[in-house]
Amino acid sequence: KAGVTQTPRYLIKTRGQQVTLSCSPISGHRSVSWYQQTPGQGLQFLFEYFSETQRNKGNFPGRFSGRQFSNSRSEMNVSTLELGDSALYLCASSLSTGGAEEQYFGPGTRLTVT
Amino acid sequence: QQPVQSPQAVILREGEDAVINCSSSKALYSVHWYRQKHGEAPVFLMILLKGGEQKGHDKISASFNEKKQQSSLYLTASQLSYSGTYFCGTENNAGNMLTFGGGTRLMVKP
């Protein structure tokens with residue numbers, strides 16, 4: 001079974017620009033969660049989508065948004081980029097969202113904002 | 001609120017044992033353990049559920065004390081491949097988001 005894929009793997013953007021990151025979950029997985037990982041803050045939850053609906057949302061500003069398509073692929077968007085948005089963005093997929101589900105992480109997208 | 005992991009870092013020799021702890025101030029539904037090697041994605045190790053059910057790995061064990069809102073990960077007879085950063089993630093209710101601890105860096109030396 002193919003794992004979780006994320007594109008692009010690396011991205012350099014300028015302050016004020018916007019960016020869209022993509023995540024394809026494992027086939028059959030319907031839940032996709034997004035995390036931001038930085039050395040200072042660790043792994044922080046952004047949001048979770050299940051069946052095209054946002055089920056949970058972390059404590060991030062409205063500049064961070066996401067969506068999920070009918071094939072379970074998900075995108076996240078960050079508008080008006082700030083230097084502090086530089087991070088590794090990880091997505092993780094799981095079969096469902098009923099609780100205590102194993103999450104399978106993708107390799108991440110390394111975003112650098114200059 | 002983020003769970004607290006301890007220790008923050010540990011260095012072992014091959015064959016030695018280690019315990020990593022994860023504590024929460026809130027009642028927990030489940031505790032998840034992941035290992036992340038440098039430059040790689042976190043990899044699932046184990047889930048412990050309220051009520052005692054455990055899912056995961058047979059080479060690494062863990063416990064979940066519901067009364068204390070605490071979980072411990074036990075790494076016995078460590079191997080070089082155990083090196084990495086271990087994260088616990090806690091779920092307060094079924095279907096809630098996972099909140100991760102700050103991580104424990106474990107290095108196993110020959």
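Chain naming here is simple, since letters A, B, ... match the order of the sequence lines and numbering starts at 1 in each. Bear in mind that the values here come from a model prediction, so they are computed numbers and not experimental data.
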Trainee: Look at the rings of B:Phe44 and B:Tyr34 and say which category their plane angle falls in: under 30° parallel, 30 to 60° tilted, over 60° perpendicular.
Mentor: perpendicular
Trainee: With chain A as the partner, which of B:Gly39, B:Gly102, B:Pro42 has the greatest number of non-hydrogen pairs under 4.5 Å?
Mentor: B:Pro42
Trainee: Without hydrogens or angle criteria, can the side chains of A:Arg63 and A:Ser79 be said to hold a donor-acceptor pair below 3.5 Å?
Mentor: no
Trainee: Could you tell me whether A:Tyr49 and A:Phe47 have their ring centroids closer than 6.0 angstrom?
Mentor: yes
Trainee: Go through the atoms of A:Leu90 and report whether side chain, backbone, both or neither lie under 4.5 Å from a heavy atom of chain B.
Mentor: side chain
Trainee: Are any of the side-chain heavy atoms of A:Cys23 and A:Arg73 separated by less than 4.5 Å?
Mentor: no
Trainee: If I measure from the heavy atoms of chain B, does A:Gln37 come under 4.5 Å with its side chain, its backbone, both, or neither?
Mentor: side chain
Trainee: Under 4.5 Å heavy-atom distance to chain B, tell me which part of A:Tyr35 shows up: side chain, backbone, both or neither.
Mentor: side chain
Trainee: Tell me which of these, A:Lys57, A:Gln103, A:Arg110, has more heavy-atom pairs under 4.5 Å with chain B than the rest.
Mentor: A:Gln103
Trainee: Would you call the rings of B:Phe100 and B:Phe87 parallel, tilted or perpendicular if under 30° counts as parallel and over 60° as perpendicular?
Mentor: perpendicular
